[in-house]
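Notes follow once the structure below has been shown.
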Amino acid sequence: MRIATWNVNSVGARLPKLLDWLGTAEPDVVCLQEIKCAEDDFPYDEVGELGYEVAAHGTGRWNGVAVLSRVGVTEVRRGLLDQPGFLAEGSLFEAPEPRAIAATCGGVRVWSVYVPNGREVGHAHYEYKLRWLDALRATAVEELAGDRPWAVLGDFNIAPEDRDVWDIAAFDGSTHVTAEERKALTALKGAGLTEVYPRALKYDVPFTYWDYRALRFPHNQGMRIDLVYGNASLTGRVTDAYVDRNARKGKGTSDHAPVVVDLASS
DNA sequence: ATGACCTATTCCATAGGA
């Protein structure tokens, strides 16, 4: 069984690339982030023709997550346990954002998550990011009572180690590399999870994101921020994991590459 | 070269991304 995660940066703009990739990588389950469309506007028919059922959670212009599966989709859950919203400047209410969806696919429980960016250290969005990560941890604790294979995959917007960014000096004082954010990942692992570390298809560090600007991809100036965590029932079945950087090549791509994880059949 | 992009929308300007 092959599961994957990919921040597609708009499923509408990325549809041709997504369909191509589904056809060649042939994943059984795909967690998507930043679909940037309302639930009703997801291209269900197009991915359906390739055999995928879809559970989507999206409201439009920003965020949005989905799970695609050709091995069934049951027990769909939208949002985290006590998920915080973001109080935008000038807004009176915290808006709940579509950043997490779960489904059970072929006996494996998967969460597709798009962790808030944080914008700047000390910004309200940064505090929101940390609160959101704590809600993710609490959700994991709640769901990990049993021993069914369980994984959370997605764009965490955190580089776990200094080596996971192309130049740590360039990130001095910025989000994605702070001790607080990394502590949140450690706390998440404390729920009973281990990271599935992927192979790089080229170079040493398996980066998953390269900014569109400044020729970051050709220069391999990337970040490893799309991550996979699983419980022992899942990680014990991992036979391979890699970042498909080929999906980042050429025009009309996402700025993220997919992370692919292969599991032995149970 | 301290340069360099891309998305959807209240659509040709802006917010957000990381």
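The chains referred to below are lettered A, B, ... by the order of the sequence lines, with proteins before strands, and numbering in each begins at 1. As a basis for the values below, the full set of heavy atoms in this structure was taken, side chains included, without hydrogen atoms, waters or symmetry mates.
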Original post:
Under 4.0 Å between a side-chain N or O of Arg119(A) and OP1 or OP2 of dA15(B)?
Top reply: no
**OP:** Establish, with yes or no, whether the OP1 or OP2 oxygen of dC6(B) is under 4.0 angstrom from a side-chain nitrogen or oxygen of Asn9(A).
**Re:** no
**OP:** Name the closest nucleotide to the Leu215(A) side chain, picking from dA8(B), dA4(B), dA18(B).
**Re:** dA4(B)
**OP:** Would you indicate which nucleotide in dA8(B), dA18(B), dG17(B) comes nearest to any side-chain atom of Tyr212(A)?
**Re:** dG17(B)
**OP:** Taking the six-membered ring for Trp and the full ring for Phe, Tyr or His, determine whether the centres of Phe171(A) and His176(A) are under 6.0 Å apart.
**Re:** no
Check every strand shown and say whether [X] touches a base, only sugar-phosphate, or nothing at a heavy-atom separation below 4.0 Å.
| X | result |
| --- | --- |
| Ala214(A) | base |
| Asn63(A) | nothing |
| Tyr209(A) | sugar-phosphate |
| Phe156(A) | nothing |
| Thr175(A) | nothing |

If the [atom1] atom of [N] is compared with that of [M], how far apart are they to the nearest Å?
| N | M | atom1 | answer |
| --- | --- | --- | --- |
| dG3(B) | dT9(B) | C1' | 29 Å |
| dT10(B) | dA4(B) | C1' | 30 Å |
| dT2(B) | dA8(B) | P | 32 Å |
| dT7(B) | dA18(B) | C1' | 15 Å |
| dC6(B) | dC11(B) | P | 23 Å |

Rounded distance (Å) that lies between atom [atom2] of [N] and atom [atom1] of [X]:
| X | N | atom1 | atom2 | value |
| --- | --- | --- | --- | --- |
| Gln221(A) | dA4(B) | CD | P | 13 Å |
| Arg99(A) | dA18(B) | CZ | C1' | 12 Å |
| Met223(A) | dG17(B) | CE | C1' | 11 Å |
| Asp211(A) | dG3(B) | CG | P | 11 Å |
| Asn7(A) | dG17(B) | CG | C1' | 9 Å |
| Arg248(A) | dC5(B) | CZ | P | 12 Å |
| Ile225(A) | dA18(B) | CD1 | P | 6 Å |
| His219(A) | dT2(B) | NE2 | P | 12 Å |

Original post:
Residues in salt bridge (charged side-chain N to carboxylate O under 4.0 Å, His left out) with Arg163(A), at least two apart?
Top reply: none
**OP:** Classify the angle between the aromatic ring planes of Tyr44(A) and Phe42(A) as parallel (below 30°), tilted (30 to 60°) or perpendicular (above 60°).
**Re:** tilted
Subject >> Asp167(A) atom CG: more than 12 heavy-atom contacts under 6.0 Å >> reply: yes
Original post:
Any donor-acceptor pair under 3.5 Å joining the side chain of Asn117(A) to the base of dA18(B)?
Top reply: yes
Original post:
Can a donor-acceptor pair under 3.5 Å be found between the side-chain atoms of Arg61(A) and the base atoms of dT10(B)?
Top reply: no
Original post:
In terms of the nearest nucleotide of DNA chain B, which residue is placed more toward the 5' end: Arg213(A) or His256(A)?
Top reply: Arg213(A)
**OP:** Please determine, by modelled atom types, if Trp132(A) and Glu97(A) share a side-chain donor-acceptor pair under 3.5 angstrom.
**Re:** no
Original post:
Judged by modelled atom types alone, do Thr178(A) and Tyr126(A) share a side-chain donor-acceptor pair under 3.5 Å?
Top reply: yes
